[in-house]
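Below is one structure, written out as structure tokens; comments come after it.
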Amino acid sequence: QVLLVESGGGLVQAGGSLRLSCAASGRTYNMGWFRQAPGKEREFVAAITIDGNTYYTDSVKGRFTISRDNAKNTMYLQMNRLKPEDAAVYYCAVRLNYYRDARTEDLYDYWGQGAQVTVSS
């Protein structure tokens, strides 16, 4: 079993930045971020493979950057130029086997507890 601990959520004004972190208790191959806004389904945000390939949903391209430190089993999501529509609970997720482009929830094995991101307009 892999435990995930998220940190870094909070309140920010539109146009501001936040950085989320997700620390895993063991080695993972794919790591990803999903988010869920009130009244909406959880959606894919970004993913990264163990060898550094990255994938983003269109709405965050150019504003968000996903990265990872394999030595620390930790993933990051740098969120810049935040918009009110980015407000959501952000969940990190990990997969224990390699998958090139993991954009759907069913591809992930473990999930974090969620981190609230609030963006004021």
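Annotation: the span from Cys92 atom SG to Gln113 atom CD amounts to 7.0 Å, rounded to 0.5 Å. How far OG1 of Thr28 is from CZ of Arg68: 4.0 Å, rounded to the nearest 0.5 Å. Here Ser59 contributes atom OG and Glu43 contributes atom CD; the two are 6.0 Å apart, rounded to the nearest 0.5 Å. The CG atom of Asp109 sits 4.5 Å away from atom CG of Leu96, with the distance rounded to the nearest 0.5 Å. Atom CG of Asn53 sits about 5.0 Å away from atom CZ of Arg100, to the nearest 0.5 Å. Put simply, CZ on Phe44 and CH2 on Trp33 are 12.5 Å apart, with the number rounded to the nearest 0.5 Å.
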Begin with the C-alpha distance, continue with both residues' side-chain angles, and end with the deciding distance and a verdict on ring pair (Phe, Tyr, Trp, His ring centres under 6.0 Å) for Tyr108 and Phe34. CA-CA 11 Å; Tyr108 290 86; Phe34 290 75; 5.4 Å; yes

Asp58 vs Lys61, salt bridge (Lys or Arg N to Asp or Glu O under 4.0 Å): CA-CA, chis, key distance, verdict: CA-CA 5 Å; Asp58 286 346; Lys61 284 181 181 177; 3.1 Å; yes

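Arg103 places a side-chain N or O within 3.5 Å of a backbone atom of Tyr56 that can act as its donor or acceptor partner. Looking only at distances, no side-chain donor or acceptor of Gln36 sits under 3.5 Å from a matching main-chain atom of Val89. Asn30 contributes no side-chain N or O that, together with a main-chain N or O of Arg95, makes up a donor-acceptor pair within less than 3.5 Å. Judged by distance alone, the side chain of Asn70 and the main-chain N or O of Ile50 form a donor-acceptor pair under 3.5 Å.
Across Leu20 and Gly9, no two heavy atoms sit closer than the pair CD2-N, 3.5 Å. Here the closest heavy-atom approach between residue Ala37 and residue Ala87 is recorded as CB-O, 3.7 Å. The two residues Ala14 and Ser121 have their closest heavy-atom pair at CB-CA, 4.3 Å. Heavy atoms only, all atoms of each residue included: Ala24 and Leu4 are closest at CB-CD2, 3.5 Å. A pairwise comparison of heavy atoms in Leu82 and Val12 identifies CD1-CG1, 3.5 Å as the closest pair.
Grouping the Ile, Leu, Val, Met, Phe, Trp and Tyr side chains by contacts below 4.5 angstrom, directly or via other members, places Leu107 with Trp111. A single hydrophobic cluster is not seen to contain both Tyr91 and Val60; linkage of ILVMFWY side chains at heavy-atom distances under 4.5 Å, directly or through other members, places them apart. Note: the hydrophobic cluster containing Phe64 also contains Met75 (ILVMFWY, side chain heavy atoms under 4.5 Å, direct or indirect links).
When the shell of 6.0 Å around OH of Tyr98 is examined, it contains more than 12 heavy atoms from other residues, nucleotides or ligands.
Put simply, the side chain of Ile66 does not reach to within 4.5 Å of the side chain of Tyr55, judged on heavy atoms. Looking only at side-chain heavy atoms (C-beta outward), Asn73 and Val2 stay at 4.5 Å or farther from each other. Side-chain contact between Asp69 and Tyr76: present, with at least one pair of heavy atoms (C-beta onward) separated by less than 4.5 Å. Side-chain contact between Asp86 and Arg35: present, with at least one pair of heavy atoms (C-beta onward) separated by less than 4.5 Å.
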